[in-house]
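Heavy-atom basis, side chains included; hydrogens, waters and symmetry copies ignored.
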Amino acid sequence: MTNPVTLLARAPVKAAAALREFGRMCAMGIDVVLAMFRRPVQVREFIQQFWFIASVSITPAILVSIPFGAVISLQLGSLTSQIGAQQFNGAASVLAVVQQASPIVTTLIIAGAGGSAICADLGARSIREEIDAMEVLGVSPIHRLIVPRVQAAIGVSVLLNGLVSVVGVLGGYFFNVIVQGGTPGAYLASFNALAQLPDLVISSIKAFIFGFLAGVVAAYRGLNPRGGPKGVGDVVNQSVVITFLLLFFVNTVLTALYLQLVPAKGT
């Protein structure tokens, strides 16, 4: 059994190591941003990665967005009926789906499906020393491999966010009108009364940032596996967990800033 004193002594060391890892990941994120403006543009690699991420993400995202919209609509419908504000159920459901659920669902799917595949691919290349060989030949792995994958993750995230928003809103509409007996006119009227264009803009901005984070985290962990093939599996799991943690933290910050900077419609 490990001595508690030993565990306390190791805690600062582990914290320092985690901070160093986070710093290296941030540094690589900056390198990726700078490499995006370098030529030549890896068009073929981008198209291949975009198609792959989209193909493994579209169906799960749609299947997840339907129950998300349904749960939000049913829960808000029950709450608004208790306080006598059924006329605002449509606006509350749509805003919750567009602002919060849609970018989160999109990034969870991309990180779990596309991000894990990116991490596994780069991890396998790393243990086969392909990355080292590229560096010896003077080819930048960031510019050649990582930038197209991050750009593909961003592009799929933004487009998939719009699709998930539409499917989630339609699912909420169905359950509110059909299941709970709401009226279509009241649902749409409340949405038009309270929703505004910045709500859609912040949703797209979140999807853009979350897609970038998912791509960078997956690429960073894939380039740094430890322990051979088993290490590749470990970094895949770590990339998904780290992306989820960053996702919810950044979402909280962006939501707080949006609510402070953009006044609600009608105020």
Going hydrophobic residue to hydrophobic residue with side-chain gaps under 4.5 angstrom, can you get from [X] over to [Y]?
X    : Y    : result
V201 : I209 : yes
V235 : I142 : no
V33  : V147 : yes
I30  : F208 : no
L63  : I109 : no

Does [Y] offer a backbone N or O that forms a donor-acceptor pair with the side chain of [X] under 3.5 Å?
X    : Y    : answer
Y258 : Q99  : no
S204 : L200 : yes
S65  : I62  : yes
T106 : S157 : no
H143 : P40  : yes

Minimum-distance pair of heavy atoms, taken over all atoms of [X] and [Y]:
X    : Y    : result
A153 : I53  : N-CD1, 3.9 Å
T107 : A214 : CG2-CB, 4.5 Å
A219 : L122 : CA-CD1, 3.5 Å
V105 : A61  : CG1-O, 4.3 Å
N161 : A207 : CB-CB, 3.6 Å

Just list the side-chain donor-acceptor pairs under 3.5 Å for residues 113-120, sequence neighbours left out, or say none.
unit_1, atom_1, unit_2, atom_2, d
S116, OG, G112, O, 2.7
S116, OG, A113, O, 3.0

From [X] atom [atom1] to [Y] atom [atom2], the distance as rounded to the nearest 0.5 Å:
X    : Y    : atom1 : atom2 : result
R44  : Q49  : CZ    : CD    : 12.0 Å
L145 : D121 : CG    : CG    : 8.0 Å
R149 : I146 : CZ    : CD1   : 8.5 Å
I202 : L257 : CD1   : CG    : 8.0 Å
S57  : I110 : OG    : CD1   : 5.0 Å

**OP:** Check side-chain contact (heavy atoms from CB on, under 4.5 Å) between N237 and all other residues, then give those that pass, not counting sequence neighbours.
**Re:**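 side-chain contact (heavy atoms from CB on, under 4.5 Å) list for N237, sorted by chain: empty.
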
Subject >> Which residues share a side-chain contact (heavy atoms from CB on, under 4.5 Å) with R24, sequence neighbours left out >> reply: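 Scan of R24 (side-chain contact (heavy atoms from CB on, under 4.5 Å), adjacent residues dropped) gives R20, E21, Y220.
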
**OP:** Could you verify whether a donor N or O on one side chain and an acceptor N or O on the other, from N224 and S126, lie under 3.5 Å apart?
**Re:**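 No.
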
Would you call [X] and [Y] a side-chain contact if the rule is heavy atoms closer than 4.5 Å?
X    : Y    : answer
M36  : V32  : yes
I205 : F210 : no
E45  : R144 : yes

Subject >> R38: salt bridge (Lys or Arg N to Asp or Glu O under 4.0 Å) partners, not counting sequence neighbours >> reply: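 Partners of R38 by the salt bridge (Lys or Arg N to Asp or Glu O under 4.0 Å) criterion come out as none, since no residue qualifies.
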
**OP:** List in chain and number order the residues that pass salt bridge (Lys or Arg N to Asp or Glu O under 4.0 Å) with D31, two or more places apart in sequence or in another chain; answer none if no residue qualifies.
**Re:**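 Listed in chain order: nothing, the list is empty.
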
Considering only distance and modelled atom types, tabulate donor-acceptor pairs under 3.5 Å from the side chains of residues 243-255, sequence neighbours left out.
unit_1, atom_1, unit_2, atom_2, d
T243, OG1, S239, O, 2.7
N251, OD1, K206, NZ, 3.0
N251, ND2, Q100, OE1, 3.2
T252, OG1, F248, O, 2.8
T255, OG1, Q100, NE2, 3.3
T255, OG1, K206, NZ, 2.9
T255, OG1, N251, O, 2.7

Original post:
Hey, is D234 close enough to R221 for a salt bridge, meaning N to O under 4.0 Å?
Top reply: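 Salt bridge absent between D234 and R221.
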
**OP:** Please report the C-alpha distance between D132 and E135 in whole Å, then the side-chain angles of each, then the deciding distance to 0.1 Å, and finally whether the side chain to side chain contact (heavy atoms under 4.5 Å, CB included) criterion is met.
**Re:** CA-CA 5 Å; D132 295 335; E135 293 176 346; 4.0 Å; yes

